[in-house]
Protein chains: 2
Amino acid sequence: MKNITVGKLAKEAGINLETIRYYENINLMPKPKRTKSGYRVYSEIDLNRLRFIKNSQQLGFTLKEIKELLFLRIDEETTCNDLQKMAEHKIEEVNFKIKELNKIKKALKTLASQCNDQGPKSECPILENLES
Amino acid sequence: MKNITVGKLAKEAGINLETIRYYENINLMPKPKRTKSGYRVYSEIDLNRLRFIKNSQQLGFTLKEIKELLFLRIDEETTCNDLQKMAEHKIEEVNFKIKELNKIKKALKTLASQCNDQGPKSECPILENLES
DNA sequence: GTATACCACGTACTATACTACTTGGTTTTA
DNA sequence: TAAAACCAAGTAGTATAGTACGTGGTATAC
């Protein structure tokens, strides 16, 4: 890959051009070289970094966490254990969220099942529950 | 309950005083009567409304959805079926979220299990996966 | 009567992750 | 060469749900 400008990079990475500038502002992407006229100049390395960011997001990592992952990605002392730890911590978070959602689901199901379809709202268990 | 000011209402409802003003601004709470000096004056009805809002939030409803619930709460033509519909829709949303979270969890577990703890990052499946 | 607590409003900020727009310079295309 | 496409920066806005602060007026307690 030859050097490319930000619009081409955005297209290759499948993200919004403005997002790349945003990522640079929040230090998720390094400041790239520039042309004489001030255009940003990117390479394959930058494209790979954006793919890394995107894949990490799909695994539920926040931008803050991804910044950490990106550091571990280049740090010479990083072991597989470091990465594993981050994955395991994220798994715990996901488990908690699932647990909370199941609570909500259970409560909603209970209320919905107590509903008499055509009953007036004055006898609706959902309303009664929300007003207690 | 006699008429009370916003600070007392906030305390009774267990929410932040500023949040009540925020809810008024976004039309989640009606504009209350005022004293001569401009103080807001609230009653039991307002406290009940805030409790309704809070309980609805705990069931996963957004403020926007809660606004709708509050409308159904007072509309004369509302049936229990209307409320049931909203609950069922929220259940579907929750199910979708759980499904997405389980996907993430599965992917993370797979990656974490392939890790050789003390292995160098150059052989780490987590990194390899995130870079693809 | 005075100090303290309460209230009002408007503006701005927090968290998270973007996205859009204006103005003006540069590069590419026909 | 001119038009179209691209780029830059900075500001502001979106979504969602709040929270904090400064300035100044009012009510309560001692």
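Below, chain A is the first sequence line, B the second, and so on; all start at residue 1.
- We find that A/K85 and A/E88 are not joined by a salt bridge, their nearest charged nitrogen and carboxylate oxygen being 4.0 Å or further apart.
- A sub-4.0 Å separation between OP1 or OP2 of C/dA20 and a side-chain N or O of A/N16 is present.
- In this structure, B/E93 pairs ionically with B/K90, as a charged nitrogen and a carboxylate oxygen lie closer than 4.0 Å.
- For B/K105 and A/N95, the side-chain atoms include at least one donor-acceptor pair closer than 3.5 Å.
- A salt bridge links A/E18 with A/R21: at least one charged nitrogen is closer than 4.0 Å to a carboxylate oxygen.
- Residue B/K64 contributes atom NZ, which lies 14 Å from atom P of D/dT14 at whole-angstrom precision.
- Distances shown here put a side-chain N or O of A/T5 below 4.0 Å from the OP1 or OP2 atom of D/dC7.
- DNA chain D lies under 4.0 Å from at least one heavy atom of each of the following residues of residues 22-40 of chain A: A/R34, A/G38, A/Y39, A/R40.
- Using a distance-only test at 3.5 Å, with no hydrogens or angles considered, a donor-acceptor pair links the side chain of A/E65 to the main chain of A/T62.
- Within residues 51-63 of chain A, the residues that place at least one heavy atom under 4.0 Å from DNA chain C are, in residue-number order, A/Q57, A/T62, A/L63.
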Problem set entry | Stepwise side-chain contact (heavy atoms from CB on, under 4.5 Å) check, A/N129 with B/N55 | CA-CA 8 Å; A/N129 186 274; B/N55 286 333; 5.6 Å; no
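- For B/R21 against D/dG18, a side-chain-to-base donor-acceptor contact under 3.5 Å is absent.
- Within the 3.5 Å criterion, the main-chain N or O of B/I15 finds no donor-acceptor partner in the side chain of B/T19.
- One N or O on the side chain of A/D46 and one on the backbone of A/S43 form a donor-acceptor pair closer than 3.5 Å.
- No donor-acceptor contact under 3.5 Å links the side chain of B/E18 to the base of C/dC9.
- Between B/L17 atom CG and C/dC9 atom P there is a gap of 11 Å when expressed in whole angstrom units.
- Here the C1' atom of nucleotide D/dC7 and the CG atom of A/N3 are 16 Å apart, to the nearest Å.
- The distance from atom CD1 of A/I20 to atom P of C/dA17 is 17 Å, rounded to the nearest whole Å.
- Within 6.0 Å of the NZ atom in B/K8, the count of heavy atoms belonging to other residues, nucleotides or ligands does not exceed 12.
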